[in-house]
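Working notes, structure below.
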Amino acid sequence: MLARINDIDVHYEEHGSGEPLLFIHGFPLTGALWRPALAKLPDGWHGIAPDLRGFGGTSLGREPVHTMELFADDLVALLDHLGIERAVVCGLSMGGYIAFALWRRARERVRALVLCDTRPAADSDEARHTRLLTATRARTEGTGFLARELLPRLLSPVSARRPDIVARVESMIADTAAEGIARASLGMAERPDSTPWLVTMRVPALVVVGADDAITPVGEVERLADDLPDAHLAVIVDAGHLAPLEQSAVFNHDLELFLERIGAQVSGPRA
Ligand code: MLT
């Protein structure tokens, strides 16, 4: 599906009907990250998984830097376009940074949170420097280096031996143009520290992390769950940074239990 909002064409996938659940992918991926979750969404739920500005099938627009706030504004506009007032917001890694921005800008649109393999902190100086380098390399070399350099850090040892998972991640990375990668890298470098906001996030939250996550290690994600007023932590064995893709059955089960807890009419998984 395509939606024309904020002067860009947003590509999104959706599944089911009922209570809205907005999925936000990580970097340098696309909404396809959430296909296993969309396919098994419990009855009574409407899942929406957009490609963020500059990723996959969504156009770039004119902004030279894609800040987390800009992404959040696009998502609010997408919810408006779909006639959705409030949604459960589920973000992975950069998608989590965007969920924090969404909360800062439009918390009334957030019914509950699912935060996967993410952190509230801003970048260190060193991480910021790496972002700038990534932007420059994407613009000068293209995006081939991303799959080579990131894949070993994204996946658990078990997932790295699964050709289906490796192929899915490679294909998502290949689907994004270099300029989208560059602008999102610059945007992540600019993001503020969301830690002071955590106490204000008084909505039910499910916090998920892969036990083998090398990018947002378990200890850091545990602290995020501790600092949120109403969070449940799920540590997923044999998953790395992409737990919802790597161990989709386990993630889908945890998600279903959470959705039951927050009270939609969940009548069992789809066949
Ligand atoms: C992601 O998966 O979105 C990235 O690891 C986020 C980041 O680079 O900080």
Side-chain angles (χ1 to χ4, degrees), residues 22-34 37 49-56 58 65-72 74-75 89-102 113-138 143 145-156 159-160 165-166 168-176 180-195 207-210 212-218 220-221 224 236 239-247 251:
L22 176 68
F23 290 100
I24 318 176
H25 64 79
F27 174 94
L29 307 170
T30 69
L33 173 71
W34 301 108
D51 294 340
L52 295 164
R53 180 184 285 255
F55 289 87
T58 296
V65 177
H66 292 176
T67 61
M68 303 305 103
E69 284 73 18
L70 180 65
F71 287 132
D74 289 343
L75 294 174
V89 173
C90 172
L92 180 135
S93 199
M94 181 181 77
Y97 311 159
I98 296 166
F100 295 132
L102 193 48
L113 286 161
V114 182
L115 297 168
C116 309
D117 303 282
T118 193
R119 61 165 61 88
D123 277 352
S124 63
D125 288 344
E126 190 190 342
R128 232 172 258 133
H129 176 75
T130 307
R131 305 273 190 214
L132 305 191
L133 206 60
T134 300
T136 306
R137 286 185 71 187
T143 59
F145 73 96
L146 281 173
R148 279 195 309 278
E149 294 180 12
L150 275 180
L151 257 170
R153 304 193 64 225
L154 287 173
L155 300 178
S156 71
S159 308
I165 299 275
V166 172
R168 276 185 188 212
V169 177
E170 283 175 344
S171 131
M172 282 189 275
I173 295 176
D175 276 349
T176 289
I181 296 294
R183 293 186 195 183
S185 295
L186 298 175
M188 282 193 285
E190 280 189 12
R191 74 183 193 282
D193 182 9
S194 292
T195 310
V207 177
V208 175
V209 63
D212 300 325
D213 190 336
I215 297 177
T216 41
V218 172
E220 197 171 349
V221 182
L224 164 62
I236 299 190
H241 191 56
L242 307 181
L245 179 70
E246 298 177 66
Q247 293 296 334
F251 172 78

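Note that ligands are numbered from 1 as they come in the structure, with each ligand's atoms numbered from 1 the same way.
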Would you mind checking which non-hydrogen protein atom is closest to [atom], with the distance to 0.1 Å?
| atom | answer |
| --- | --- |
| atom 8 (O) of ligand 1 | R131 NH1, 2.7 Å |
| atom 1 (C) of ligand 1 | S93 OG, 2.8 Å |
| atom 5 (O) of ligand 1 | H241 NE2, 3.1 Å |
| atom 9 (O) of ligand 1 | Y97 OH, 2.6 Å |
| atom 3 (O) of ligand 1 | F27 N, 2.7 Å |

Min N/O separation M94 to ligand 1 under 3.5 Å: yes
Short N or O distance, I215 and ligand 1, threshold 3.5 Å exclusive: no
Proximity flag R119 to ligand 1, non-hydrogen atoms under 4.0 Å: no
V207 and its side chain to side chain contact (heavy atoms under 4.5 Å, CB included) partner, picked from V221, L113, V114, D117: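 Of the listed options, the one satisfying the test is V221.
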Quiz item: cation-pi between R137 and F145, 6.0 Å / 45°: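 Because its charged atom sits under 6.0 Å from the ring centre and within 45° of the axis, R137 does stack over F145.
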Validation row: D213, V218 side chains within 4.5 angstrom (heavy atoms): no
Side chains of L146 and T134 in contact at under 4.5 Å (non-hydrogen atoms): yes
Residues E126 and R131 bridged, charged N to O under 4.0 Å: no
Charged N-O contact under 4.0 Å between R128 and D123: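 No, R128 and D123 are not salt-bridged.
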Ring geometry between F55 and H25 (parallel below 30°, tilted from 30 to 60°, perpendicular above 60°):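 Perpendicular.
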Ligand-side contact atoms (ligand 1) for residue partner G26, heavy atom cut-off under 4.0 Å: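 In order of numbering, the contacting atoms are 3 (O).
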